[in-house]
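Note sheet for the following structure.
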Number of protein chains: 2
Amino acid sequence: MALQTIEDHSLAESLFEVFRSRGYEGATLSILSEVTGLKKSSLYHRFPAGKDDMVKAVVLHVSSQLHTQIIEPLINSKEQPEKKFSKMIATVNMFYSDGRKNCLLNILNLGEPKAEIKELLNKDYTDWLVALCTLGEEAGLDKKVAKERAERFLIIVQGALVIQRLTNNKSTFKKNMKYEEKSFLNNPHIKKRAIAN
Amino acid sequence: MALQTIEDHSLAESLFEVFRSRGYEGATLSILSEVTGLKKSSLYHRFPAGKDDMVKAVVLHVSSQLHTQIIEPLINSKEQPEKKFSKMIATVNMFYSDGRKNCLLNILNLGEPKAEIKELLNKDYTDWLVALCTLGEEAGLDKKVAKERAERFLIIVQGALVIQRLTNNKSTFKKNMKYEEKSFLNNPHIKKRAIAN
DNA sequence: GTCACTGTACCGAATGTTCGGTATATTAAT
DNA sequence: ATTAATATACCGAACATTCGGTACAGTGAC
């Protein structure tokens with residue numbers, strides 16, 4: 001392969017930042033060109049099908065990050081469940097810049113998203129959900145309880161992002177993540193035990 | 001005033017539906033014209049400043065609904081707090097069509113929203129929050145606890161909307177609202193008492 | 001007739017997209 | 001090593017379309 005002035009990875013990162021902050025329609029080719037450093041026609045060389053190709057690449061890029069940084073450590077690592085969950089929270093805080101940045105699962109699913117994109121986003125959500133369920137059960141939670149908490153956790157993530165963006169309160173997201181960190185694995189059926197701080 | 005082919009109220013409702021489902025950039029004048037039944041020039045007669053005027057009208061329209069249907073009953077009615085909260089949940093379910101419809105607070109606050117709109121949306125959030133705090137305290141909750149729960153409730157509302165849209169699971173929103181209905185006014189400091197079902 | 005309203009026709013600007021062409025790197029043959 | 005040929009990466013300029021917005025001529029109720 002010939003020399004690319006802009007690497008695939010950093011290109012996807014640049015595009016990601018635009019799409020996550022402005023959404024599909026808000027991410028114009030002019031902006032994407034400006035941010036990536038590639039002219040519009042060059043973007044079409046990299047993504048022959050245009051904007052749709054770019055969104056797809058961004059979603060796959062983020063999906064890969066989600067799996068390697070969040071999901072796999074959650075299920076593969078041999079650490080204590082509490083420890084794994086704490087680490088995940090830290091990663092999540094980083095990923096969303098403590099709540100200052102949006103989530104693709106929200107912004108790209110608004111309006112009239114393409115079916116293919118919708119499916120990819122849905123799959124990412126489900127994968128994350130399943131990983132959280134697995135962790136919950138590993139920590140001794142009842143299967144049903146684990147699922148309820150996992151769903152609720154992901155709802156809190158999305159909701160906290162929306163509310164923080166709405167209020168400009170810098171601590172909303174972090175505060176709620178800390179709350180989850182302390183309560184997510186609490187077992188209601190067994191005598192309450194210490195949770196890692 | 002002369003006869004309006006389309007009433008202010010239903011006009012705002014039509015515009016509302018478009019903006020809530022497609023967002024600011026996604027709501028093109030063509031669509032707005034088609035949905036309202038008014039040609040572009042007529043829309044500009046009604047909203048001289050164009051699209052921005054329309055969004056503002058829609059936000060004010062919804063804001064008015066929020067206050068009369070949700071906030072005022074919450075603080076003015078002399079009913080039991082539990083009863084008032086239950087009624088609010090019913091109204092909320094209606095307003096979001098059991099989670100099938102988006103919230104302006106989310107969709108209009110994405111991208112690069114106009115400062116004026118951002119302020120209006122922020123105010124609506126705050127008003128709702130304050131009303132919930134008042135209700136919580138009225139029900140005997142500690143001031144701090146009331147505020148935490150109010151914030152968390154509104155986070156759940158937004159998060160559940162995002163997740164339901166993401167998964168197409170029709171019961172997500174309703175289920176979470178039911179959970180809130182049962183737990184929101186639970187008093188952790190006083191002996192647990194019966195909650196209206 | 002007046003006046004609030006609506007429809008037709010139109011505008012410049014911006015949108016996403018395509019195309020012709022150049023520069024550079026890679027490969028193959030000599 | 002020198003060529004020639006090919007493939008890749010990029011760009012400038014134009015493409016057709018749609019965008020938000022305007023000008024102006026009806027239209028109908030009073």
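Order of the sequence lines fixes the chain letters, A, B, ..., with proteins taken first and strands second; residue numbering starts at 1 for each chain.
- Using a 4.0 Å heavy-atom cutoff across all strands shown, T28(A) reaches sugar-phosphate atoms only and no base atom.
- In this structure, CG of L32(B) is placed 16 Å from P of dT6(C), rounded to the nearest angstrom.
- The side chain of L29(A) sits closest to dT17(C) out of dG12(D), dT17(C), dG20(D).
- Side-chain contact of T172(B) with N176(B): a donor-acceptor pair under 3.5 Å is absent, judged by distance alone.
- In this model, the phosphate group of dT6(C) is approached by a side-chain N or O of R46(B) to a distance below 4.0 Å at OP1 or OP2.
- With sequence neighbours excluded, the residues that form a salt bridge (Lys or Arg N to Asp or Glu O under 4.0 Å) with E79(B) are K87(B).
- The side chain of Y44(A) lies closest to dG16(C), out of dG16(C), dG12(D), dC5(C).
- One atom, CD of E34(A), and another, P of dT15(C), lie 11 Å apart when rounded to the nearest Å.
- Atom-to-atom, CZ of F47(B) to P of dT22(D) comes out at 15 Å; the value is rounded to the nearest Å.
- Remark: R20(A) is positioned above the aromatic ring of F95(A), its terminal NZ or CZ atom under 6.0 angstrom from the ring centre and at most 45 degrees off the axis.
- By the neighbour-count criterion of 12 heavy atoms within 6.0 Å, atom NZ of K118(A) is densely surrounded, having more than that number from other residues, nucleotides or ligands.
- Distance from the side chain of S42(B) is smallest to dG7(C) among dG20(D), dA9(D), dG7(C).
- Among dT15(C), dG12(D), dA9(D), the nucleotide with an atom closest to any side-chain atom of S30(A) is dT15(C).
- Distance, E25(A) CD to dC19(D) P: 10 Å, rounded to whole Å.
- Atom pair L43(B):CG and dG21(D):C1' shows a separation of 12 Å (rounding to whole Å applied).
- Here I6(A) lies in heavy-atom contact (under 4.0 Å) with sugar-phosphate atoms only.
- OP1 and OP2 of dT6(C) both lie 4.0 Å or more from every side-chain N or O belonging to H45(B).
- Judged by distance alone with a 3.5 Å cut-off, a donor-acceptor contact links the side chain of K40(B) to the base of dG21(D).
- Two residues, S41(A) and I31(A), neighbour DNA chain C, and the one matched to the more 5' nucleotide by heavy-atom proximity is I31(A).
- In this structure, the CE atom of M54(B) is 13 Å from the C1' atom of dC19(D), given to the nearest Å.
- The cationic atom of K51(B) (NZ for Lys, CZ for Arg) lies less than 6.0 Å from the six-membered ring centre of Y24(B) and within 45° of the ring axis.
- Neither OP1 nor OP2 of dT6(C) sits under 4.0 Å from any side-chain N or O of K39(B).
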